[in-house]
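Presented below is the structure to which this report refers.
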Amino acid sequence: MFEHLTTAPDDPILGLNEKFKQDQRPHRVNLIVGVYQDETGEIPEFQAVSEARRRINTNVKANYLGIDGDPAYSKLASELLLGAESPRFRTGNWVAAQSLGGTGGLRVVADFLARCQVTTTIWHTNPTWVNHQSIFNAAGLQTKAFPYLDAAGKGLDFVGMLAALEQIPSGDAVLLHGCCHNPTGVDPSPDQWQAIIDVLKQRRLLPILDCAYQGFGDGLEADVLACRLVSQQMDEAVIVQSFSKNFSLYNQRVGAVLFLTKDQLQANTLRSQVKAAIRANYSNPPQYGAALVRTVLADTELRANWQNELESMRLRIATLRRRFSASLQEKCDHDFSHIAKQSGMFSFSGLTPEQVTHLRDEFGIYFVGNGRMNVAGLNESNLEVTTRAIAEVVGRCAVSAS
Ligand code: LMR
């Protein structure tokens, strides 16, 4: 039965990370996966999460959660996106469900859209996170791309993007990154977001906002501007949330999906379908990670502490961006100023696949093949070696190309 199988390609992000773990070179640098690392290269635990662990340890129950998870958690998660004052929470035209991280949330959305025949096609930015297409394709939906980056690969091709959105057939879904675009770090401005949403409204397109990096761009509130505009101006939309990064709970798989509906009746029907989609997939979610998030978000003191720590991470990444960009500018003729302007954990360096391979093979510095780097993997001890290696690789490629 298994004779015909051929080997699947390694995942461009997590598969490469496995290769990194096997690399024995002491000076190797991991800029692959989107995880926040501190100055020592460790993934820190938030103080508020440590305290939440102490508080809930005696309180963990063994029984199954409901199919859609812990409702108190999901409400707090949704409030973090829309603001606790959002009229949606008074009128009831929303449905939220706990999910297995952002990836699991996207798959719940994909399964729901496919089984209920809401739409057949998901449009995504070019480029987008390497797993987006696979998730929607796995549910039987087709994916198509629209332009996002300009020709230089450094900024938003806003005109091209808007023109493409205007051509999308009504009833299709458009997958956007709520903030901190992965892999480019290039986000629309507030005015550009409004123009995008105007097109979505006019064309009757369903927005799916992937919001995996809230707090790492311009701040916890600023990063959900697009979510809030959509909630205020559109009847129907989907938002997917992850707490992997902003709670540093990568292996707990904590996320949520939020569906915005026309009214409460529609919300009730939709909830039944979302639960059916989840039940056919993993039945119901685990308790512990969501309990940690709920404990922090529900407690004023822990929440403030978490926000402060998250803000200091955000500021540290912004400083690393500036230092990295300046250090590159000193060493090469290439223009790397865009790196300082990008937002969130990732930078689209502009390095070619060939240059990325050189960096990895000769210097032990790991970028994703498309040139994406995790800025949060830089620190005092690896920043200089990384920029020196890039300067050498870029210089060498420029010479060999000429
Ligand atoms: C990333 O883009 O590096 C993260 O979202 C981790 C992943 O699952 O790919």
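Every number for a ligand or one of its atoms is a count from 1 in the order of the listing. Numbering of residues begins at 1 and proceeds along the displayed sequence.
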Inset, instruction - Using only heavy-atom distances, determine whether the side chains of Tyr288 and Arg53 contain a donor-acceptor pair under 3.5 Å. - result: yes
Legend entry - Protein contact to atom 2 (O) of ligand 1 [nearest heavy atom, distance to 0.1 Å]: Arg372 NH1, 2.8 Å
Legend entry - Which of the ligand 1 atoms, numbered from 1, are nearer than 4.0 Å to a heavy atom of Gly34: 1 (C), 3 (O)
Legend entry - Salt-bridge present (Glu380, Arg323; N to O < 4.0 Å): yes
Inset, instruction - Please could you name the atoms of ligand 1 that Val33 approaches to less than 4.0 Å, counting only its heavy atoms? - result: 3 (O), 6 (C)
Inset, instruction - Measure the acute angle between the ring planes of Phe247 and Phe46, then classify it against the limits of 30° and 60° as parallel, tilted or perpendicular. - result: tilted
Inset, instruction - Under 4.0 Å, heavy atoms only, figure out whether ligand 1 is touched by the backbone of Asn374, its side chain, both or neither. - result: neither
Legend entry - Identified side-chain contact (heavy atoms from CB on, under 4.5 Å) counterpart of Phe243 within the set Leu292, Val293, Val49: Val293
Inset, instruction - Answer yes if the ring centres of His181 and Tyr148 are under 6.0 angstrom apart, and no otherwise. - result: yes
Inset, instruction - Flag the pair His132 / His177 as yes when their ring centroid distance falls below 6.0 Å, and as no otherwise. - result: yes
Legend entry - Tyr250 heavy atom under 4.0 Å from ligand 1: no
Inset, instruction - Just need the protein heavy atom nearest to atom 8 (O) of ligand 1, so name the residue and atom and give the distance. - result: Trp129 CZ2, 3.5 Å
Inset, instruction - Can you pull out the closest protein heavy atom to atom 5 (O) of ligand 1? Residue, atom name and distance to 0.1 Å, please. - result: Lys245 NZ, 3.1 Å
